[in-house]
2 protein chains.
Amino acid sequence: MVTNTKNNHEMKCPVSAMIGLIGGKWKPIILYCLRSETRRFGEIAARIPHISRKVLTEQLKELERDGLISRQQFNEIPPRVEYTMSEVGKSLSPIIQEMEKWGQQYIIDRQ
Amino acid sequence: MVTNTKNNHEMKCPVSAMIGLIGGKWKPIILYCLRSETRRFGEIAARIPHISRKVLTEQLKELERDGLISRQQFNEIPPRVEYTMSEVGKSLSPIIQEMEKWGQQYIIDRQ
DNA sequence: TGTATTAGTTACCATTTCGTTACCATTATT
DNA sequence: AATAATGGTAACGAAATGGTAACTAATACA
């Protein structure tokens with residue numbers, strides 16, 4: 001999945017742009033994890049088995065950079081960082097739900 | 001999304017599955033190119049500048065394997081091969097349209 | 001004979017993405 | 001003094017993806 005928008009073609013295709021935002025191996029699951037709850041870094045990691053911290057960090061950074069989630073850091077020891085869906089991220093929910101329905105049906109039909 | 005429950009986190013997330021089908025650098029553009037017309041290999045290549053024949057072949061094969069398009073080969077010289085959206089592919093159109101609308105708005109808002 | 005045409009394939013390389021392991025800073029607790 | 005807790009980084013490598021250039025088969029046509 002190509003996520004950045006340096007390529008002109010991709011910049012002009014809104015569908016590619018959107019797939020770039022929510023695609024990749026882990027982003028759908030991360031967004032699902034945050035769909036209705038604010039969560040700490042460690043909570044997300046615990047709820048998504050097999051994701052490495054490095055990749056989780058990277059994906060969260062991208063999601064934040066792209067405005068889909070927001071990150072709040074508390075100056076405590078040990079550190080606390082909370083991630084929350086932004087309004088932009090929430091505006092995606094209906095489409096993601098439709099994608100989910102379609103994907104489920106597709107999986108069933110293909111079996 | 002059903003992925004990240006403890007018992008079946010091996011199971012693939014339907015949203016990821018769908019993104020896998022239509023994601024990547026060129027598939028959205030290919031699907032757009034075929035949305036209402038049957039087209040020959042060369043026509044698709046001509047309408048998508050900068051795509052290499054190798055990658056176009058690969059992506060068309062995957063789209064066909066996944067049931068989103070169908071391929072019809074005519075035994076002529078020089079060869080003729082036509083690609084058409086399948087019913088499954090067409091059933092994606094409403095979602096892709098929603099993605100397009102959302103993506104357009106996102107691009108506007110981010111400028 | 002030589003060239004054009006179509007829909008690819010093959011070999012090879014570059015870039016992107018994903019994964020593993022070890023490590024860090026700071027404080028409270030033992 | 002050692003350890004645990006949290007939210008990361010750094011170094012490295014493997015795998016997936018994308019790109020380039022050369023090549024192919026079969027026939028029509030000049």
Side-chain angles (χ1 to χ4, degrees), chain A residues 1-11 13 16-17 19-30 33-34 38-66 69-84, chain B residues 3-4 9-10 12-13 16-17 19-30 33-34 38-66 69-84:
Chain A
M1 182 90 37
V2 182
T3 47
N4 67 33
T5 48
K6 285 180 181 173
N7 179 301
N8 281 340
H9 244 293
E10 199 172 353
M11 281 170 66
C13 174
S16 298
I19 289 171
L21 297 178
I22 66 168
K25 183 163 176 182
W26 297 107
K27 280 183 187 168
I29 299 170
I30 294 170
C33 186
L34 294 173
T38 291
R39 294 203 190 279
R40 300 179 62 169
F41 181 88
E43 283 182 280
I44 303 171
R47 281 167 182 272
I48 307 182
H50 307 313
I51 194 172
S52 71
R53 292 171 170 273
K54 181 200 137 196
V55 171
L56 179 55
T57 303
E58 284 170 359
Q59 304 294 297
L60 287 169
K61 269 187 188 161
E62 287 182 16
L63 288 169
E64 193 204 4
R65 177 201 68 196
D66 296 335
I69 67 175
S70 61
R71 175 183 189 276
Q72 192 180 5
Q73 180 177 344
F74 300 85
N75 286 328
E76 305 174 354
I77 296 291
R80 177 158 62 107
V81 179
E82 290 182 351
Y83 293 92
T84 313
Chain B
T3 316
N4 52 349
H9 57 252
E10 303 282 327
K12 192 159 189 192
C13 158
S16 298
I19 289 171
L21 297 177
I22 67 169
K25 184 162 177 182
W26 297 108
K27 280 182 188 170
I29 300 171
I30 295 170
C33 186
L34 294 174
T38 290
R39 293 201 191 281
R40 299 180 61 170
F41 182 87
E43 284 182 278
I44 303 171
R47 281 164 183 274
I48 307 181
H50 308 313
I51 195 173
S52 72
R53 316 212 135 214
K54 180 201 136 194
V55 172
L56 179 54
T57 303
E58 285 170 359
Q59 304 295 296
L60 287 169
K61 267 186 191 161
E62 288 182 17
L63 288 169
E64 194 205 2
R65 177 202 66 196
D66 296 335
I69 66 175
S70 60
R71 177 183 187 275
Q72 191 179 6
Q73 181 176 342
F74 300 84
N75 286 328
E76 303 173 359
I77 296 293
R80 179 158 61 106
V81 178
E82 290 183 351
Y83 293 92
T84 312

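Note that these values count all heavy atoms, side chains included, but never hydrogens, waters or copies made by symmetry.
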What is the distance from [atom1] of [X] to [atom2] of [N], rounded to the nearest Å?
| X | N | atom1 | atom2 | answer |
| --- | --- | --- | --- | --- |
| B:Ile44 | C:dG8 | CD1 | P | 9 Å |
| A:Ile77 | D:dT3 | CD1 | P | 20 Å |
| A:Asn75 | C:dT26 | CG | C1' | 12 Å |
| B:Gln59 | D:dT17 | CD | C1' | 9 Å |
| B:Lys61 | D:dT17 | NZ | C1' | 16 Å |
| A:Ile30 | C:dT17 | CD1 | P | 14 Å |
| A:Gln73 | D:dG7 | CD | P | 10 Å |
| B:Leu56 | D:dT20 | CG | C1' | 15 Å |

Practice task
Pick base, sugar-phosphate or nothing for A:Phe74, based on heavy-atom distances below 4.0 Å to the nucleic acid.
Solution key: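 No contact.
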
Practice task
Report yes if at least one side-chain N or O of A:Arg40 is closer than 4.0 Å to OP1 or OP2 of D:dG7; otherwise report no.
Solution key: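 Indeed, a polar side-chain atom of A:Arg40 lies that close.
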
Contact between [X] and [Y] at the side-chain level, heavy atoms closer than 4.5 Å - yes or no?
| X | Y | answer |
| --- | --- | --- |
| B:Val81 | B:Gln72 | no |
| B:Lys61 | B:Arg71 | no |
| A:Pro28 | B:Ile19 | yes |

State which of [options] makes the closest approach to the side chain of [X].
| X | options | answer |
| --- | --- | --- |
| B:Thr57 | C:dG8, C:dA7, D:dG7 | C:dG8 |
| B:Phe41 | C:dA7, D:dG7, D:dG19 | C:dA7 |
| B:Arg53 | C:dG8, C:dT6, D:dG18 | C:dG8 |
| B:Arg71 | C:dA7, C:dG19, D:dT20 | C:dA7 |
| A:Val81 | D:dT6, D:dG8, C:dG8 | D:dG8 |
| A:Ser52 | D:dG7, C:dT20, C:dA7 | C:dT20 |
| A:Lys54 | D:dA11, D:dG7, C:dG8 | D:dA11 |

Problem - Cationic N near anionic O, under 4.0 Å, A:Glu43 to A:Arg47 - result: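 Between A:Arg47 and A:Glu43 there is no salt bridge, as every charged N stays at least 4.0 Å from the carboxylate O atoms.
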
Practice task
Verify, without hydrogens or angle tests, whether A:Arg39 (side chain) and A:Glu82 (backbone) share a donor-acceptor contact under 3.5 angstrom.
Solution key: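 Judged by distance alone, no pair lies under 3.5 Å.
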
